[in-house]
2 protein chains.
Amino acid sequence: VIRVAVDAMGGDHAPDAVVAGALRAVREDPELEVVLVGRPERLDGLASGGGRISVEPAGDAIAEGAPPARSLARHPDAAVAVAMRLAAAGRADAAVSCGNTGAALVSAVHEVGLVPGVVRCAVGEALLGWAPRSLLIDLGPSVDVRPAHLVAFAHLGAAYHRAMWGTGAPSVAILSNGGEAGKGNAQVKEALPLLAASGLRFIGPIEGHDLAKGAADVVVCDGFVGNVLVKFCEGLADVLEGWWTEEGRGAPPARPLWSQFRVIEERGAPLLGVRRVVVLGHGRAGADQVAGVVRHAARLVRSDFLRLVGDAMADLQARAAVGAEA
Amino acid sequence: VIRVAVDAMGGDHAPDAVVAGALRAVREDPELEVVLVGRPERLDGLASGGGRISVEPAGDAIAEGAPPARSLARHPDAAVAVAMRLAAAGRADAAVSCGNTGAALVSAVHEVGLVPGVVRCAVGEALLGWAPRSLLIDLGPSVDVRPAHLVAFAHLGAAYHRAMWGTGAPSVAILSNGGEAGKGNAQVKEALPLLAASGLRFIGPIEGHDLAKGAADVVVCDGFVGNVLVKFCEGLADVLEGWWTEEGRGAPPARPLWSQFRVIEERGAPLLGVRRVVVLGHGRAGADQVAGVVRHAARLVRSDFLRLVGDAMADLQARAAVGAEA
């Protein structure tokens, strides 16, 4: 049986949509238990889902836009922090939050801790439904990274790819502005030889137009670029949905076009580099999306994800110790 | 009468598609003349378009992927260089190329020269058909820019916006990963106060999802980020066109969805910061797109574009001289 601690207070539609999504996930998966973390008086009535749903008392969410570290210091019992603590203490196998992303990151690093060898954590996920097994890393937390961090992201992403799809040697690329010699910004140019010597199956730089083709299993980039791209997709999804309606095209196709741009909204994205499974959902997640995020967390717990991440980082540290990537 | 020098040898479908596009533009606009620049033996038969088409002899294109500066040094008579020279000498009002972008940039800077005050030139254009008056700058030439360069891009973009649409005070934003205090990479954080003091109507940082909404008239970013975005759109256009066909949806809508992602393919993008009108087209441009690029160049010549750019940079230099942006 797998237990997922869910920050029931975080997200635009919390707690109702979060609770509804958690209940849905539990109904679909007989081996799943959910701990709803938050204000008991707001959860007790909602959580009548049988013995596999419990409530862990905690405070409110850290509000969207609030400064994460300072807010968490002032509210140590915030629901997101308590959810992370449950995972850290082994009282849950995974933690999930759709609230303030910065607060989820800070509390995950603080409560759960980093895997040995990890300096900067990262979020990685498929950007587009057309390329569902092509992971872009980092999508936000790590901005202004050093080239060595991009190498670590590549190792983390390869571990995630192996865990999800059993890939022997995932192909790894770096996002750049061209493949010819001399292309790339300073960060990319420095990272290229490090990635070539990383022991990973590095296929070189790829460009923006390669992303939709899923040209590599793992694509690394600075969190600034990744964040712009993932939010650009979000904006496109909204515009495409509006376009469909305005053109009066009637019922959407079986898999609506705009859902291709909402992979992360539908299943969340794991935080790579922390000691437990932590999956971050989108702030505007409804019940369906929350269920998807909880399922994603359970899938990662059942997989070899954490062992593969630990092995990858141990290997990276060993290589660094003998100067292979110096 | 406006004369546009067209690099007839550059582009995947040159010279045939380039010549056909130039002829189309001339047919549609009685005040337009085109000088086809390239190998006479490959152009003479094609260019039978009446007195408003002439041929200027030149060499071949610089091949796609060839190193620009070195190739141009070895082939000073390359068609793109000769086209730029015609514009520089006033024998043409504008130059247009769909060939090797790096070669077009290098020869434009070398032959035409920079506007006084410009340190790095930039390419700026609307990214999406849904936001046709929201210009993203830079889209490629200027990677690893200093924050002051982003301020110059904002001035260039505002001049371009004014020339095209008569906007009094175009709104200016910087692309970032969030609007809260502390967000942004190092480059953005340094640029924020400079933009606030620029004398432009600076509305602050915007995020990826704001791009499709056209949240600002001018959005500045490093050429690395802009290049990733513009190529990402290219890839999406291809995937969407394929999706439409596969879903068997029959005839495309009046304005096909994927054309929303092909603004730059359809009209090219001007090089901002050089002394003449230079418009760069897409390598895979067909005759329709080439005609669009030539029309775009003619439109800029007829507008106040060059005067507004000169004024903006003179103003920027004057402000710098009194320390307003130091």
*Asks:* Counting only heavy atoms from other residues, nucleotides and ligands, does the tally under 6.0 Å from CZ of A:R70 exceed 12?
*Replies:*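 Open: at most 12 neighbouring heavy atoms sit under 6.0 Å from CZ of A:R70.
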*Asks:* Listed by residue number, which members of residues 217-226 of chain B have a heavy atom under 4.5 Å from any heavy atom of chain A?
*Replies:*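 Interface residues of residues 217-226 of chain B: B:F224, B:V225.
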*Asks:* Roughly how far, to the nearest 0.5 Å, is CG of A:L236 from CZ of B:F261?
*Replies:* 4.5 Å
*Asks:* Taking every non-hydrogen pair under 4.5 Å, which of A:G178, A:G65, A:S176 racks up the most with chain B?
*Replies:*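 The answer is A:S176.
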*Asks:* Could you name the residues of residues 180-192 of chain A that have a heavy atom within less than 4.5 Å of a heavy atom in chain B?
*Replies:* A:E180, A:G184, A:N185, A:A186, A:V188
*Asks:* Do any of residues 206-214 of chain A come closer than 4.5 Å to chain B, heavy atom to heavy atom, and if so which ones, in number order?
*Replies:* A:E207, A:G208, A:H209, A:L211, A:A212
*Asks:* Sub-4.5 Å heavy-atom contacts with chain A: which residues of residues 99-106 of chain B show up?
*Replies:*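 Residues in range: none.
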*Asks:* Got more than 12 heavy atoms from elsewhere within 6.0 Å of NE2, A:H13?
*Replies:* yes
*Asks:* Among A:V143, A:L128, A:D144, A:L175, which residue has the highest count of heavy-atom pairs closer than 4.5 Å to chain B?
*Replies:* A:D144
*Asks:* With rounding to the nearest 0.5 angstrom, report the CG to CZ distance, B:L229 to A:F232.
*Replies:* 5.5 Å
*Asks:* Sort B:N227 into side chain, backbone, both or neither according to what part of it lies under 4.5 angstrom from a heavy atom of chain A.
*Replies:* side chain
*Asks:* Based on non-hydrogen pairs under 4.5 Å, which of B:V228, B:V230, B:L127 is most in contact with chain A?
*Replies:* B:V228
